[in-house]
Protein chains: 2
Amino acid sequence: MLVHASVKRPSTLGILGTLSQIHTASITTEFTYNKGLEIYGENEPADYVYQVLDGAVRSYKLLSDGRRQIGAFHLVGDVFGLENGVFHRFTAEAVIDTTVRLIKRQSLERVANADVSVARNLLTMTTSSLQHAEEHMLLLGRKSSMERVAAFLLEMDRRLNGVGLVALPMCRRDIADYLGLTLETVSRVLSKLHGIGILNFVGTNQREIMLVDRRRLAEMNV
Amino acid sequence: MLVHASVKRPSTLGILGTLSQIHTASITTEFTYNKGLEIYGENEPADYVYQVLDGAVRSYKLLSDGRRQIGAFHLVGDVFGLENGVFHRFTAEAVIDTTVRLIKRQSLERVANADVSVARNLLTMTTSSLQHAEEHMLLLGRKSSMERVAAFLLEMDRRLNGVGLVALPMCRRDIADYLGLTLETVSRVLSKLHGIGILNFVGTNQREIMLVDRRRLAEMNV
DNA sequence: CGACGGGTTGATTGTCCTCAAAGCCTGTGG
DNA sequence: CCACAGGCTTTGAGGACAATCAACCCGTCG
């Protein structure tokens with residue numbers, strides 16, 4: 001695997017496209033990370049805020065013995081690395097080859113201090129991260145392996161257009177570390193869901209999943 | 001148990017005492033909830049924001065079959081119910097008799113729209129909730145029962161003044177639902193920690209805990 | 001006193017983890 | 001074109017940790 005990151009064309013878009021209020025000359029840059037590359041590390045200075053243009057990113061924390069908890073996957077369009085603080089609280093890595101747009105945190109803060117609507121936008125994005133984390137605590141604390149996987153598939157379906165055909169960018173281990181399970185358990189549950197006719201595997205690798213019966217899947221998600 | 005809530009003296013303090021920027025005439029009110037009383041329910045309109053003046057509050061979500069995940073305990077000084085949205089995402093209940101200060105969400109938003117420093121304060125509070133949730137995902141997803149209880153005791157010690165004597169306001173079931181365990185497991189782990197000389201039970205009920213060896217406790221928290 | 005809420009402890013069960021092996025696909029190099 | 005290595009996934013067997021079910025204890029309060 002190639003292990004390097006390449007700078008692409010700089011641009012002067014509204015901040016991360018999402019904070020469209022800012023049409024001042026805030027310079028944003030594009031950057032491509034190869035699969036597996038670290039974008040930033042936990043406790044590193046949070047100098048930039050990112051948006052996924054193509055690909056997928058995992059944000060995770062590690063325990064000292066290597067146990068990993070993925071807090072979120074960031075898909076196309078998602079903003080991540082917005083810490084509202086000096087340091088990153090997660091490590092972020094490219095799940096597959098991934099292109100991001102980035103902007104200096106300082107530029108963002110400068111504008112937010114002057115413009116209330118931008119500040120409110122930062123608050124909205126932070127709140128939606130919080131909401132996701134709150135739902136995920138419920139999943140991690142109280143749901144069975146079956147319920148976790150069902151919730152995961154429905155979340156991915158929703159976020160990847162919701163057409164019932166889910167092309168997962170991440171491997172079983174990533175899914176497991178997101179759901180607080182082992183990769184074997186994830187694999188077993190998926191096999192079981194396949195066995196009872198709720199999903200089918202499409203194509204050659206096992207990452208493309210057709211949700212045959214989303215109603216029944218939703219029922220498993222309590 | 002008495003089941004009623006009583007209004008106390010209204011006051012015109014800076015918003016919740018915490019958002020001290022607001023010395024406008026934003027009316028705040030005090031209110032007392034008896035032990036076990038609901039302060040607001042999940043999905044109810046979020047008309048007020050609260051601050052604990054005395055007592056303790058639990059915020060939780062329920063699954064349809066009654067499984068409960070407590071997302072946070074709110075202790076004296078903490079602000080809660082700040083949803084930045086129209087609806088509450090948790091149910092909040094008084095763990096013990098609890099007095100809160102409250103302010104209308106609308107007043108808060110009105111000021112935040114005019115004053116960037118207030119908006120930034122809302123963002124800071126939301127960010128610190130997010131940070132707590134992120135740490136808690138790691139705990140719920142990847143830590144053993146021993147590690148969870150150790151983390152809990154250290155968190156409570158820190159938030160209740162950090163003198164090593166922890167007077168827990170909540171019962172074992174609340175702790176369990178916060179840590180993603182059963183009350184029996186919590187009890188067993190506490191007994192074990194007592195057995196190996198890390199903590200002592202003080203007084204007649206089992207809620208007052210002396211942390212004899214915080215260093216060793218911290219080591220269990222990975 | 002007796003009921004009740006809260007806590008501890010014991011016995012057993014069950015879910016998920018661990019360890020292990022094998023299959024499949026991709027890419028690489030002869 | 002084939003052989004082979006490596007990454008990823010599945011599947012099986014056995015084990016461990018926490019859940020479940022149950023009994024009992026202790027204070028408090030009516």
Side-chain angles (χ1 to χ4, degrees), chain A residues 1-3 34-36 58 63 65-69 95-97 139-150 152 167-195 199-209 220, chain B residues 1-3 34-36 58 63 65-69 95-97 139-150 152 167-195 199-209 220:
Chain A
M1 176 177 58
L2 288 175
V3 179
N34 284 72
K35 176 181 174 182
R58 56 180 172 251
L63 294 178
D65 63 355
R67 280 173 286 172
R68 184 178 68 158
Q69 180 62 43
V95 172
I96 51 178
D97 291 355
L139 179 147
L140 293 171
R142 288 302 177 213
K143 292 189 181 178
S144 70
S145 59
M146 180 63 83
E147 292 162 348
R148 291 179 201 211
V149 172
F152 172 74
L168 299 172
M170 73 289 286
C171 66
R172 298 291 187 259
R173 173 172 293 280
D174 285 343
I175 299 173
D177 285 350
Y178 179 59
L179 298 179
L181 300 170
T182 61
L183 66 93
E184 293 94 333
T185 297
V186 171
S187 178
R188 276 183 243 274
V189 172
L190 287 173
S191 294
K192 184 160 188 186
L193 289 171
H194 175 58
L199 61 80
N200 281 321
F201 294 105
V202 185
T204 169
N205 70 9
Q206 303 294 78
R207 297 199 189 173
E208 224 170 325
I209 293 177
M220 326 205 73
Chain B
M1 176 178 55
L2 289 177
V3 179
N34 283 72
K35 176 182 173 182
R58 56 179 172 252
L63 295 177
D65 62 356
R67 279 173 286 172
R68 183 177 70 158
Q69 179 62 45
V95 172
I96 51 179
D97 291 353
L139 178 147
L140 293 171
R142 288 301 179 214
K143 291 190 183 179
S144 70
S145 59
M146 180 63 84
E147 291 162 349
R148 292 178 200 212
V149 172
F152 172 74
L168 299 172
M170 72 290 285
C171 66
R172 299 290 189 259
R173 173 172 294 280
D174 285 343
I175 300 172
D177 286 350
Y178 180 58
L179 298 180
L181 299 170
T182 61
L183 66 93
E184 293 95 331
T185 297
V186 170
S187 179
R188 274 183 243 275
V189 172
L190 287 173
S191 294
K192 183 160 188 185
L193 289 172
H194 175 58
L199 59 82
N200 281 322
F201 294 105
V202 185
T204 168
N205 70 10
Q206 304 293 78
R207 298 200 188 173
E208 225 168 326
I209 293 176
M220 326 205 74

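A, B, ... follow the sequence lines: proteins, then strands. Residue 1 opens every chain.
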Does B:Arg67 CZ have over 12 foreign heavy atoms under 6.0 Å away? yes
Any N or O donor-acceptor pair under 3.5 Å from the base of D:dT10 to the side chain of A:Arg207? no
Quick check: on DNA chain C, is the nucleotide nearest A:Asn205 upstream (toward 5') of the one nearest B:Gln206, or the reverse? Name the residue that is more 5'. B:Gln206
Flag, side chain of A:Gln69 to backbone of A:Tyr178, donor-acceptor distance under 3.5 Å: yes
D:dC17 C1' sits how many Å from A:Arg67 CZ, rounded? 13 Å
How about A:Val95 and A:Lys35: do any of their side-chain heavy atoms sit closer than 4.5 Å? no
Rounding to an integer number of Å, can you tell me how far B:Arg142 CZ sits from D:dC17 P? 16 Å
Sort out for me which residue in B:Thr185, B:Ile175, B:Leu193 forms a side chain to side chain contact (heavy atoms under 4.5 Å, CB included) with B:Val149. B:Leu193
A:Leu190 and A:Ile209: side-chain contact (heavy atoms from CB on, under 4.5 Å), yes or no, with the steps? CA-CA 10 Å; A:Leu190 287 173; A:Ile209 293 177; 4.2 Å; yes
Donor-acceptor pair, side chain of B:Arg172 and main chain of B:Glu184, under 3.5 angstrom: no
Residues in contact with DNA chain D, drawn from residues 173-187 of chain A - heavy-atom cutoff 4.0 Å: A:Leu183, A:Glu184, A:Ser187
Contact interval (first through last nucleotide) of DNA chain C with protein chain B, 4.0 Å heavy-atom: C:dG6 to C:dA11
Given atom CG of A:Leu190 and atom P of D:dT11, what is their separation to the nearest angstrom? 10 Å
Would one find more than 12 heavy atoms of other residues, nucleotides or ligands at under 6.0 Å from atom CE of B:Met170? yes
Verify, without hydrogens or angle tests, whether B:Asp97 (side chain) and B:Asn34 (backbone) share a donor-acceptor contact under 3.5 angstrom. no
Are the side chain of B:Arg142 and the backbone of A:Arg68 linked by a donor-acceptor contact shorter than 3.5 Å? yes
Find the distance between CD1 (A:Ile96) and CG (A:Leu168) and round it off to the nearest 0.5 Å. 10.5 Å
B:Leu181 and side chain to side chain contact (heavy atoms under 4.5 Å, CB included): which single residue from B:Leu179, B:Asp177, B:Leu183 fits? B:Leu179
Residue whose nearest DNA chain C nucleotide is more 5′ - B:Met170 or A:Arg188: B:Met170
Considering only nitrogen or oxygen atoms on both sides, find all protein atoms under 3.5 Å from nucleotides 26-29 of chain D and state each distance.
none

